[in-house]
Amino acid sequence: MRRVLSVLVENEPGVLSRVAGLFSGRGFNIESLNVAPTLEDGVSLMTITTSGDEQIIEQIVKQLRKLVTVVKVVDFYGMAYVEREMMVIKVHAEESKRGEVLRIADIFRCKVVDVSLTDLTLEATGDHSKLQAIIQLLQKFGIKELARTGTLAVRRTMQSDDI
């Protein structure tokens with residue numbers, strides 16, 4: 001099962017290495033990882049996407065909390081949260097197929113960021129499943145190149161238990 005974890009860490013050398021080492025040392029996989037400073041000086045936010053059953057995720061969270069440089073860990077499972085990822089995708093789009101590629105781009109609110117005689121480069125933003133759907137639809141045209149950010153996530157303001 002795919003899980004998104006938010007990990008608040010002290011922004012100091014070696015933190016990323018320790019977190020990645022925790023995963024690799026126990027045979028867990030990081031599917032995506034984003035790290036950036038927060039508004040608070042000396043603190044960064046890691047958003048980690050991983051997968052595993054309940055027991056594995058519980059072990060990952062417990063091990064993360066044991067790291068000295070980790071301030072807080074949140075597993076978004078069971079919470080309402082906003083998730084976004086960005087993708088830049090270069091698609092083979094000759095003149096005869098360009099209209100169809102542009103219709104797909106329009107449906108998914110993609111932005112055309114580069115054009116050549118044979119290719120279109122699109123920028124797409126959305127949750128994981130939206131980007132997977134775009135990839136699936138564009139594969140028939142021939143995807144030449146693909147670059148993705150990892151997942152970013154924040155808890156929704158209005159939770160069902162807040163009402």
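From a predicted model like this one, the values you see are computed outputs, not experimental measurements.
Counting non-hydrogen atoms of other residues, nucleotides and ligands closer than 6.0 Å to NZ of Lys97 gives a total of 12 or fewer.
Comment: Arg18 engages Glu12 in a salt bridge, judged by a side-chain N to carboxylate O separation of less than 4.0 angstrom.
Residues Gln55 and Glu58 have side chains not in contact (no heavy-atom distance under 4.5 Å, counting atoms from C-beta outward). Between Ser6 and Leu45 the shortest side-chain heavy-atom distance falls below 4.5 Å. In this structure, the side chains of Leu33 and Leu16 come closer than 4.5 Å at one or more pairs of heavy atoms. Looking at His128 and Val4, their side chains never come closer than 4.5 Å, going by heavy atoms from C-beta outward. Contact annotation: the side chain of Arg2 approaches that of Thr151 to within less than 4.5 Å [non-hydrogen atoms, C-beta and beyond]. Side-chain contact between Ile48 and Val19: present, with at least one pair of heavy atoms (C-beta onward) separated by less than 4.5 Å. Met46 is not listed as a side-chain neighbour of Ile30, based on a closest heavy-atom distance of 4.5 Å or more. Within the 4.5 Å cutoff, the side chain of Ile135 has heavy atoms near those of the Gln132 side chain.
Here the options are Leu131, Ile134, Leu138, the test is side chain to side chain contact (heavy atoms under 4.5 Å, CB included), and the partner is Phe108; only Ile134 passes.
The line from NZ of Lys90 to NZ of Lys144 is 7.0 Å long, rounded to the nearest 0.5 Å. Of the inter-residue distances, the one linking Ser129 atom OG with Gln136 atom CD reads 11.5 Å to the nearest 0.5 angstrom. Atoms CD1 and CG, on Ile107 and Leu102 in that order, are 11.0 Å from each other to the nearest 0.5 Å. Here NZ of Lys140 is found 14.0 Å from NE2 of His92. Values are rounded to the nearest 0.5 Å. With rounding to the nearest 0.5 angstrom, the CG atom of Asp106 is 11.0 Å from the CG atom of Leu122. A distance of 13.5 Å separates CG in Asp119 from CZ in Phe141, rounded to the nearest 0.5 Å.
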Requested in this report: Take Arg26 and Gln59 through the test side chain to side chain donor-acceptor pair (under 3.5 Å) and record every step on the way to the result.
Outcome: CA-CA 10 Å; Arg26 287 162 182 80; Gln59 185 179 7; over 6 Å; no
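No donor-acceptor pair closer than 3.5 Å links the side chain of Arg148 to the backbone N or O of Glu85. Here the side chain of Thr38 pairs a donor or acceptor atom with the backbone of Val43 at under 3.5 angstrom.
Cluster membership for Val61 and Ile56, using ILVMFWY side-chain heavy atoms within less than 4.5 angstrom, is shared. No chain of hydrophobic side-chain contacts below 4.5 Å, direct or via other Ile, Leu, Val, Met, Phe, Trp or Tyr residues, connects Leu67 to Leu8. Cluster membership check: Val71 does not share its hydrophobic cluster with Val7, using side-chain heavy-atom separations under 4.5 Å among Ile, Leu, Val, Met, Phe, Trp and Tyr. Cluster membership for Val91 and Val113, using ILVMFWY side-chain heavy atoms within less than 4.5 angstrom, is not shared. No path of Ile, Leu, Val, Met, Phe, Trp and Tyr side chains, each step under 4.5 Å between heavy atoms, connects Tyr81 with Leu5, placing them in separate hydrophobic clusters.
Of all heavy-atom pairs between Ala153 and Thr47, the closest is N-CG2, 4.0 Å. Listed here is the closest heavy atom pair of Met86 and Thr125: CG-OG1, 3.8 Å. Of all non-hydrogen atoms in Leu152 and Asn34, the two that sit nearest each other are CD2-ND2, 3.7 Å. The two residues Tyr77 and Met1 make their nearest non-hydrogen contact at CE1-SD, 3.5 Å. Shown here for Phe23 and Leu64, the closest heavy-atom pair between the two residues is CE1-CD2, 4.3 Å.
For Arg84, the salt bridge (charged side-chain N to carboxylate O under 4.0 Å, His left out) test picks out no residue, with sequence neighbours left out. For the side chain to side chain donor-acceptor pair (under 3.5 Å) test, residues two or more places apart in sequence or in another chain that qualify with Ser44 are Asn11.
Listed by first then second residue, pairs satisfying salt bridge (charged side-chain N to carboxylate O under 4.0 Å, His left out) with a partner in residues 29-55 read Arg3-Glu54, not counting sequence neighbours.
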